[in-house]
Amino acid sequence: MSETPTNTLQYRCDGPEDAPVLILGPSLGTTWHMWDRQIPELTKQWRVVRFDLPGHGGAPAHPAGSVTELATRLLATLDALGVQRFGYAGCSLGGAVGVELALRHPERVASLALIAASPRFGTADEWRQRGVIVRTNGLDPIARSSPERWFTGGFAAAQPAITEWAVQMVRTTDPGCYIAACEALAAFDVRAELGRVGVPTLVLVGSDDQVTGPAEARTLVAGIPDARLAVVPGASHLVPVEQPAAVTDLLVRHFSSAWQPGPGYDTATGHMAITPAAPKPVPAVVPPQAGPVAEIAPAVAVQPVGEGRPDPYDTGLKIRREVLGDAHVDRVLSSADEFSGDFQQFLTRYVWGEIWDRPGLDRRTRSCVTLTALVAGGHLEELAFHTRAALRNGLTPAEIKEVLLQAAVYCGVPAASSAFKVAQEVIREETTPQD
């Protein structure tokens, strides 16, 4: 436990003092106790440091109005503990702190896990409106509605004690600190910076999360070069509480494979023990009971154009699979025959190996352009699988809607009407949890 100056955070340490350090960051409205069921397993390998947000869990009510300030206070806390390099796992607002650390202090973060997180949490107006509610009515309305945001209906009904615990966590939070955290989330937007996150990253999301769900998780995975996506079925926003065994297993697998002890390891303190593992392919993480887990590979490096450039076919096939998915590409290529085979090679080599590999536009932008062009041409079959591709490339359903609305102006309402029907069905299929 800690005594907390204004420039640090309330914290708790568990596990061997000579072990590598793993930081766990909480969600808005929760305390470090949201991680209680992960602690027994994680402390077998790591010195686990949990922290409370200002005004949460009895922590001093020193509001922090930005994610940057929260990250700065956390680093001051770790400096006081002598911790220089660490792994970090954070849920929701705690995940935003993790991204901030990886972007602004990359030398400190060895590996990252982002749980129920997003590069932008809704809109600034939504968070400021929540602040208005708290100022006007206190935290009780937010507390009473927390279970429906945090848990699936079945879990909330079956676990009334945990549901009440969640309500009381919010009720006992300092209102001023809660409002400041809302302001921090209102201003947080790192979508344009994700490519600079340079550590192995696990993006973990509950399949039923209605706050920051699979679409937001795909945006993180598409933007972070070395990121993998794990979807935990039967879980909503507070997935470490609702599915603790699955989350614990995913964290253990991720942090075990992403680190290795290296030179400079201090066996007395463990504070320099975490060094990024040598670059190598990272296998998909599959929890025993967690059902479907997807992986999206990082973007490939762009080869220079000019004489002697290698045949772009292999690069094109890799990009084609990353954007359209293995199942679609396998189906198309397996159906190719003597008549259509050359055309498929042409598509792979020049469309995917040349155009989609050019550095001038990122994949999100290319998806926007492609969707618009397909609407204009009325190519609805192609639009269906390019809508799936857009989701893989990090576009959210809301952003796809905006693309189609823009297309309605310039391509015509009838064309856009047909496109909306196709895209709506694809998005419903892609975002509906599978049994």
Show your working on side chain to side chain contact (heavy atoms under 4.5 Å, CB included) between Thr219 and Arg364 and close with a plain yes or no.
CA-CA 9 Å; Thr219 303; Arg364 285 168 49 86; 4.2 Å; yes
For the residue pair Ala117 and Leu114, what are the closest heavy atoms and their distance?
CB-CB, 4.0 Å
Closest non-hydrogen contact found for Cys177 with Pro54 is CB-O, 3.1 Å
NE2 of His56 to CG of Leu93: how many Å apart, nearest 0.5 Å?
7.5 Å
Which atoms form the tightest heavy-atom contact between Leu251 and Ala89, and what is the distance?
CD2-CB, 4.2 Å
Between Arg366 and Asp362, does any NZ, NE, NH1 or NH2 come within less than 4.0 Å of an OD or OE carboxylate oxygen?
no
Taking all heavy atoms of Ser340 and all of Ser335, pick out the closest pair and write down the distance.
OG-O, 4.3 Å
CZ (Arg349) with more than 12 external heavy atoms under 6.0 Å:
yes
Answer whether the closest heavy-atom distance between the side chains of Val197 and Val190 falls below 4.5 Å.
no
Rounded distance [0.5 Å steps], CZ in Arg388 versus OG in Ser367:
13.5 Å
Side chains of Gln10 and Thr77 in contact at under 4.5 Å (non-hydrogen atoms):
no
For Glu107, does its backbone N or O pair with a side-chain atom of Arg85 as donor and acceptor, under 3.5 Å?
yes
Please round to the nearest 0.5 Å and tell me the distance separating atom CZ of Arg171 and atom CG of Leu139.
10.0 Å
Tell me whether the rings of Trp46 and Phe255 are parallel (<30°), tilted (30 to 60°) or perpendicular (>60°).
perpendicular
May I ask you to test the Phe385-Leu324 pair for a side-chain heavy-atom distance under 4.5 Å?
yes
Do side-chain atoms of Thr315 reach the backbone of Pro312 as a donor and acceptor pair under 3.5 angstrom?
no
Report yes if some heavy atom in the side chain of Val329 is under 4.5 Å from a heavy atom in the side chain of Leu333; otherwise report no.
yes
Working to the nearest 0.5 angstrom, can you tell me the gap between Thr152 OG1 and Leu238 CG?
11.5 Å
Heavy-atom pair of closest approach, residues Ala186 and Ala124
O-CB, 3.5 Å
Is there side-chain contact between Val170 and Trp150, with at least one heavy-atom pair below 4.5 Å?
yes
In chain order, what residues pass the ring-ring contact (aromatic ring centres under 6.0 Å, His included) check against His33, with sequence neighbours excluded?
none
Main-chain N/O of Ile133 paired with Thr136 side-chain donor or acceptor, under 3.5 Å:
no
Kindly determine whether Ile39 and Trp32 satisfy side chain to side chain contact (heavy atoms under 4.5 Å, CB included), including the steps that lead there.
CA-CA 11 Å; Ile39 295 302; Trp32 63 46; over 6 Å; no
Among Ser118, Pro26, Ser27, whose side-chain contact (heavy atoms from CB on, under 4.5 Å) with Ser92 holds?
Ser27
Answer yes or no: is there a donor N or O on one side and an acceptor on the other, between the side chain of Glu216 and the main chain of Gly213, under 3.5 Å?
yes
For Glu69 and Pro63, which heavy atoms make the closest approach, and how far apart are they?
OE2-O, 3.9 Å
Partners meeting ring-ring contact (aromatic ring centres under 6.0 Å, His included) with Phe151 (sequence neighbours left out)
Phe155
Salt bridge (Lys or Arg N to Asp or Glu O under 4.0 Å) with Glu164: which residues, sequence neighbours excluded?
none
To the nearest 0.5 angstrom, please state how far the CG atom of Leu371 sits from the CD atom of Glu382.
11.5 Å
Within the side chain of Thr348, is there an N or O that forms a donor-acceptor pair under 3.5 Å with the backbone of Gly316?
no
Is any side-chain heavy atom of Arg321 closer than 4.5 Å to one of Leu317?
yes
NE2 on His386 to CG on Leu380, rounded to 0.5 Å:
13.0 Å
Charged N to carboxylate O below 4.0 Å: is that the case for Asp314 and Lys318?
no
Near Asp342 CG, under 6.0 Å, is it more than 12 heavy atoms from other residues, nucleotides or ligands?
no
Student check: side-chain heavy atoms of Glu148 and Gln210 closer than 4.5 Å
no
Keeping Arg108 on the side-chain end and Val83 on the backbone end, is there a donor-acceptor pair under 3.5 Å?
yes
Do Arg191 and Glu399 meet the salt-bridge criterion of a basic N to acidic O distance under 4.0 Å?
yes
Parallel, tilted or perpendicular: which fits the ring planes of Phe121 and Phe188, with parallel below 30° and perpendicular above 60°?
tilted
Is the backbone N or O of Trp352 less than 3.5 Å from a side-chain atom of Arg320, with the two atoms forming a donor-acceptor pair by type?
no
Set of residues satisfying ring-ring contact (aromatic ring centres under 6.0 Å, His included) with respect to Trp35, sequence neighbours excluded
none
Check: Pro240 main-chain N/O paired with Gln38 side-chain donor or acceptor under 3.5 Å:
yes
Is there a side chain to side chain contact (heavy atoms under 4.5 Å, CB included) between Arg149 and Ser146 once you walk through the steps?
CA-CA 5 Å; Arg149 292 194 306 272; Ser146 290; 3.1 Å; yes
Suppose we screen for ring-ring contact (aromatic ring centres under 6.0 Å, His included). Which residues come up paired with Tyr313, at least two apart in sequence or across chains?
none
Without swapping roles, check the side chain of Ser145 against the backbone of Ile142 for a donor-acceptor pair under 3.5 Å.
yes
Does Val199 offer a backbone N or O that forms a donor-acceptor pair with the side chain of Thr201 under 3.5 Å?
yes
Checking Glu100 now: which residues fulfil salt bridge (Lys or Arg N to Asp or Glu O under 4.0 Å) with it, not counting sequence neighbours?
Arg104
For a side-chain contact (heavy atoms from CB on, under 4.5 Å) with His237, tell me which candidate from Ile115, Val211, Asp208, Val205 qualifies.
Val211
Non-hydrogen side-chain atoms of Thr387 and Ile427 separated by less than 4.5 Å:
yes
One pair to check against side chain to side chain contact (heavy atoms under 4.5 Å, CB included): Arg50 and Met34. What are the steps and the verdict?
CA-CA 10 Å; Arg50 291 179 281 173; Met34 67 163 285; over 6 Å; no
